Amino acid sequence: MGVLDVVPAGVLTGDNVRKLFDYAKENQFAIPAINVTSTSTANAVLEAARDIKSPIILQVSQGGSAFFAGKGLSNDGQKASILGAISAAHHIRNVAKAYGVPVVLHSDHCAHKLLPWFDGMLEANEAYFKAHGEPLFSSHMLDLSEEPKEENIATCVKYFKRMAPIGLWLEMEIGITGGEEDGVDNTGVDNAALYTQPEDVYDVYKALSEIGPNFSIAAAFGNVHGVYKPGNVHLHPELLAKHQEYASKKIEEATGNKAVKPLYLVFHGGSGSTKEEISTAVRNGVVKMNVDTDTQFAYLAGIRDFFDNKKGYLQTQVGNPEGADKPNKKFYDPRVWVREGEKTLSKRVEEACTDLGNVNRL
Ligand SMILES: O=C(CO)COP(=O)(O)O
Ligand SMILES: O=C[C@H](O)COP(=O)(O)O
Ligand SMILES: [Zn+2]
Ligand SMILES: [Zn+2]
């Protein structure tokens with residue numbers, strides 16, 4: 001039995017998202033969530049998933065969404081980020097089935113000051129639900145981890161009550177991801193905030209599970225966005241086992257039911273992580289790992305190497321090392337050099353899938 005026996009190809013919504021994550025948890029693998037900023041990057045990620053027969057998660061950040069709509073648009077009131085996220089979602093929905101893989105369509109960190117972006121996407125989901133009986137996206141992340149815990153949870157509860165009835169998954173963050181995210185600079189946060197405690201994770205579980213089962217928790221275990229000199233990031237994915245055990249114990253006390261690894265956990269800052277850190281995280285119930293920085297670098301690599309290797313063909317429209325009258329159109333056509341970035345991006349996505357055990361899963 002494979003993933004396609006459990007969920008269909010194309011964008012998943014509602015309980016299908018949970019069915020996919022349950023299947024991943026039961027079979028000890030996780031799915032990478034790759035940040036996409038254009039149709040080119042989105043297609044390259046889908047292509048990788050198709051080639052290695054894997055389900056995949058595509059996500060847009062607030063800045064990535066604005067880029068999708070075009071940097072030339074004003075982002076006053078998050079207008080461009082809302083429009084870009086909707087455009088990305090429609091594009092991905094339009095092509096996902098053709099790639100033949102199940103896709104989770106997600107939006108990334110949304111801090112308090114970015115809530116108007118979230119509100120705009122939520123309105124689009126509600127309108128789409130009215131017309132099609134399912135939301136436009138699969139899931140969204142709320143990141144109120146900079147706020148006091150009570151406020152973080154209360155805001156998640158408020159939004160989840162609106163999301164659950166239309167079949168949207170919620171990812172929330174408790175404990176802070178270090179480094180930089182969307183204009184939020186977490187480079188100097190207190191070290192303790194980078195490691196979430198089991199009691200705090202359970203508080204989230206308790207509050208959200210009263211509304212519905214379709215949510216995940218990005219509990220911090222030293223995660224940092226970006227890639228730094230070795231030794232600067234101290235990841236402790238083994239701590240995630242304590243969250244699962246604590247939640248199991250509390251659930252059993254409250255209901256009498258035994259729950260094995262009841263939490264759906266999310267790994268932020270996947271770039272630069274070791275294979276060992278990744279497999280420990282998966283063993284402890286991580287179902288989604290975000291990768292952005294490494295795939296950004298991978299997209300550049302193909303284009304950079306093309307420019308280096310074809311330098312003599314890219315200086316003028318006519319004239320190259322093969323002759324002064326030779327045209328260079330087939331070298332400067334963006335479909336040629338952008339494609340080189342797509343190929344190297346696809347390879348890096350395949351590597352992320354391999355690290356997570358997400359290969360040949362359809
Ligand atoms: O967590 C991420 C996006 O939310 C990605 O982090 P990296 O850029 O470190 O891979
Ligand atoms: O927050 C983490 C993601 O890598 C998003 O990054 P971004 O804001 O640069 O798009
Ligand atoms: Zn955060
Ligand atoms: Zn993140």
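A quick note: this is a predicted structure, and the numbers were derived from the prediction, not measured. For the single chain, residues carry numbers from 1 onward in sequence order. Read the numbers this way: they start at 1 and go in the same order the structure lists the ligands and their atoms. Side chains included, hydrogens not; waters and symmetry mates left out as well; all remaining heavy atoms used.
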Exercise. Hey, which of Phe160, Phe21, Tyr159, Phe215 is the one that makes ring-ring contact (aromatic ring centres under 6.0 Å, His included) with Trp169?
Worked result: Phe21
Seminar exercise, completed: Pocket residues around ligand 1 (non-hydrogen, under 4.0 Å) come out as Asn35, Gln59, Asp108, His109, Val224, His225, Gly226, His268, Gly269, Gly270, Ser271, Asn290, Val291, Asp292, Thr293
Exercise. Under the salt bridge (charged side-chain N to carboxylate O under 4.0 Å, His left out) test, which residues partner Lys347, sequence neighbours left out?
Worked result: Glu350
For this session: Angle at the Zn ion (ligand 4): provide the value between ND1 of His268 and NE2 of His109, rounding to 10 degrees.
Result: 90°
Exercise. How are the rings of Phe267 and Phe221 set to each other: parallel, tilted or perpendicular (split at 30° and 60°)?
Worked result: perpendicular
Donor-acceptor contacts, no H, no angles, side chain residues 198-206, under 3.5 Å, sequence neighbours left out:
unit_1, atom_1, unit_2, atom_2, d
Asp200, OD1, Lys149, NZ, 2.9
Asp203, OD2, Lys149, NZ, 2.6

Problem set entry | Side-chain (Asn223) to main-chain (Leu235) donor-acceptor, under 3.5 angstrom | no
Problem set entry | N/O/S atom of Glu173 inside 2.8 Å of the Zn ion (ligand 3), strictly under | yes
Problem set entry | Residue list, side-chain contact (heavy atoms from CB on, under 4.5 Å) with Val157, at least two apart or on another chain | Ile153, Lys161, Ala207, Leu208, Ile211
Problem set entry | Arg93/Glu134 ion pair, N-O < 4.0 Å | yes
Exercise. Considering only N, O or S atoms, which atom of Asp143 is nearest to the Zn ion (ligand 3)?
Worked result: OD2
